Protein chains: 2
Amino acid sequence: MAHTVSEVARLAGVSVRTLHHYDDVGLLSPSSRSESGYRLYHHTDLERLHEVLFLRELGFALDEIRHVLDDPGHDRLASLRDQRTMINGKIAHLRRLVVSLDAAINAHEEGIPMNEDEMFEVFGDFDPREYEAEVEERWSGELLDESRRRTSSYTKQQWKAAMAESEAVTNDFAAAKRAGDAADSEAVMAIAERHRLQIDRWFYPCSYEIHTGLAEMYVTDARFTAHYEQSEAGLAAYIHDAIKANAARAGG
Amino acid sequence: MAHTVSEVARLAGVSVRTLHHYDDVGLLSPSSRSESGYRLYHHTDLERLHEVLFLRELGFALDEIRHVLDDPGHDRLASLRDQRTMINGKIAHLRRLVVSLDAAINAHEEGIPMNEDEMFEVFGDFDPREYEAEVEERWSGELLDESRRRTSSYTKQQWKAAMAESEAVTNDFAAAKRAGDAADSEAVMAIAERHRLQIDRWFYPCSYEIHTGLAEMYVTDARFTAHYEQSEAGLAAYIHDAIKANAARAGG
DNA sequence: CCTTGACTCTCACGTTACGTTAGGGTTTAT
DNA sequence: ATAAACCCTAACGTAACGTGAGAGTCAAGG
C-alpha cells in the first residue's frame, strides 16, 4: 500500500535526495510516516509527484509548481489540458529546431556562412507583451484593454500554454507554406481559423473583421512582419492571405 | 562587423550576464576586445554561441559542451547530425508524454485511479547498460564485448544520440501498433529494419540471425519484456513478430 | 565643453535544485 | 546477532546564472 522513499524513487526515476528535497520545500510531503520516522508515500502522493514531474519537465520552477498545485481553485483537468497544449508547443518548437539545424547542416556542407539573424531565430520566445507599446498606436484601445484584462489574471502556466499554442499555429502555417499549399486552400484556411479562435480564446474577442485587421498589421507593422519573416521568408504575407481568404469565406 | 555584448544578447535571446559567464568559464571568449576592454563578438563567435545554445537546449552541461567543441577531432557536421537525431528523440519522448497525459486525462474524467507503474513510465531513460549483467548470460560473450568496446569510446553526446534514436524507433513501433498495422506489414517491417541497422551502427554487428535472436529475448527475458510492455501492452510480442517477419523476408 | 543616460567592465554575494558526504538509527536476511 | 541494506537529519558543495555595487566609457544634446 505505502511505499518507502527508495521505492518511489525507483518507480518515478528520481533520486531519493530529490524526494527529500521536495519534502523540505513543502512541495511533496508524504501523507504519513512510520513509527521510526520513515516517509510513507500513498497513492495520492504519487499522483501529486506525477504532476510535479510533468510540470518540472515543462520548465516550471518548483516554487511555481507548488503554487499551481496548492491553488484551491486548481482544476486538475484544465491543468492537464494546458500541459498537453504546452507539450505540443514544445514539439512544434523542436520541429523548428530541426529545420534550423538542417539549414545549418546545409550551410556547412555548401561552405557558405549562415545569416547571423536567422542563426538565432529559433531561440527565445516571442512574447507579444513586448510589443504592446508599438501596437497600441494601431489598435483601438478597447481591444488592448480587454487583452490586458484577460492576460493579467493568467497564471504562468496558462500564459505558457497560450504561447505554446501560438507557436504551434505559426509552425503549421510555415509547414503548409513549405509544402506548397496555397494560402486560400481549405487546409490553410483551417489553420487561419484556428489562429482566430486562439486569439479569441486567449486574448480578446476576435471577429473575422478584427482578424482581417490583424492580418493587415502582419504585413504593415515591422515588428510583426519581422517576427514571421524570421521564421520563414514570405510567411507574414502568406498568413495575411490565409486569414483574408478564411474571412472572405466566412463572411460571404 | 563586430557586436557588443548587449547586441549579441538581444540577437541570441540570452542575458548579458550569460555571455559574461560563458566568457568566465572559457566556453565562449570573444575573439577580440576594444581598447577600453569591451567584448567584441565576430561571426565565428556567433557560430560558436549557436552551437553552445543548441547543445544547452539538448540538456548538456556547459562543461560538456566545452569539451565537445574544444575536442580537436570534433566533426561539426557529424555533431550537427547527432543533434538532429537527439532532437528527434526528444520529440518522440514528448509524444509519449502526450499519450501518457491523455491516459491521465481519461483516468481523471472516468474517475478511475491510474496504475502506479504506468503513471511514471514516461519518465527517466532506458539505459541498456543497466541490464548488461542479465543479458550477459544469454548473449554470446563476443557480441557483448564488441558492444562494450564500441560504447566505451562514445562521447556523452553520441550516447545520448543513440538513446534518442532508440526511443524514436520504439515509439514508432508503438504508434504502428496503436494504428492497428500488422506486425508483418511493409511499414512495420521497415521499422524493424531501422531497429536492426540502429543496433548495427551503435552497438554491434547485427545480422538478421542475431536480430532474430534478440527478438526471442524480447519475449523471454523479463527485463526486456517489462520495458516494452510498460511502453504499451503487447508491444514486446509485436516487435518480436515484426523483427521475425523482416528477417524472413530478407532471408528468403 | 560638459553633462546625462545608456552601456561597459570587474568583483562578489544570492538563488535554485539538487549532489554528496557525515554521523547515526532501523529493518531484514542469514 | 551481525552484516547488508535502508532510513533519518544536517550541512556543505555545485552549476548556471541573477542581482546589485562601484567605476570607467561612449554618443547625443544643451
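Naming: A, B, ... by sequence-line order, numbering from 1 per chain. Keep in mind it's a predicted model, so treat the numbers as computed, not measured.
In the set dC7(C), dC7(D), dC8(D), the nucleotide with an atom closest to the side chain of R33(A) is dC8(D). Among dC17(D), dG24(D), dG19(C), the nucleotide with an atom closest to any side-chain atom of Y38(B) is dG24(D). For S15(B), counting side-chain heavy atoms from C-beta on, the closest listed nucleotide (dC17(D), dC8(D), dG18(D)) is dG18(D).
Rounded to a whole Å, the NE2 atom of H21(B) is 19 Å from the P atom of dT8(C). Distance, L28(A) CG to dA17(C) P: 15 Å, rounded to whole Å. Taking atom NE2 of residue H20(A) and atom P of nucleotide dT9(D), one finds them 6 Å apart after rounding to whole Å. For the pair L55(B) CG and dA16(D) P, the computed distance is 13 Å after rounding to whole Å. Following rounding to the nearest Å, L19(B) (CG) and dT8(C) (P) show an atom-to-atom distance of 10 Å. Atoms CG (D23(B)) and P (dA16(D)) sit 16 Å apart, rounded to a whole Å. As rounded to whole Å, 13 Å separates atom P of dC17(D) from atom CG of D63(B). Whole-Å rounding puts the E35(B) CD to dC26(D) C1' distance at 13 Å.
For T18(B) and dG18(D), the shortest distance from a side-chain N or O to OP1 or OP2 is below 4.0 Å. Between R56(A) and the phosphate of dC18(C), there is a side-chain N or O to OP1/OP2 separation shorter than 4.0 Å. One finds no side-chain N or O of Y22(A) lying less than 4.0 angstrom from the OP1 or OP2 phosphate oxygen of dA17(C).
The side-chain heavy atoms of S31(B) and R48(B), taken from C-beta on, include no pair separated by under 4.5 Å. Between V169(A) and Q198(A) there is a side-chain heavy-atom pair separated by less than 4.5 Å.
Place A61(B) and S36(A) on DNA chain D by their nearest nucleotides, and S36(A) ends up nearer the 5' end. Between S6(A) and V16(B), the residue whose closest nucleotide on DNA chain D is further toward the 5' end is S6(A). Comparing E7(B) and R17(B) by the nucleotide of DNA chain C whose heavy atom lies nearest to each, the residue mapping closer to the 5' end is E7(B).
Using a cut-off of 4.0 Å between Lys/Arg side-chain N and Asp/Glu carboxylate O, D71(A) and R66(A) are scored as not salt-bridged.
Using modelled atom types, no side-chain atom of D45(B) and backbone atom of P30(B) make a donor-acceptor pair closer than 3.5 Å.
Under 3.5 Å, the side chains of R17(A) and Y22(A) contain no donor-acceptor pair of N or O atoms.
Backbone-only contact: V5(A) has heavy atoms under 4.0 Å from sugar-phosphate atoms and none from a base. As judged by a 4.0 angstrom heavy-atom cut-off over every strand, S34(A) is placed among residues making no nucleic acid contact.
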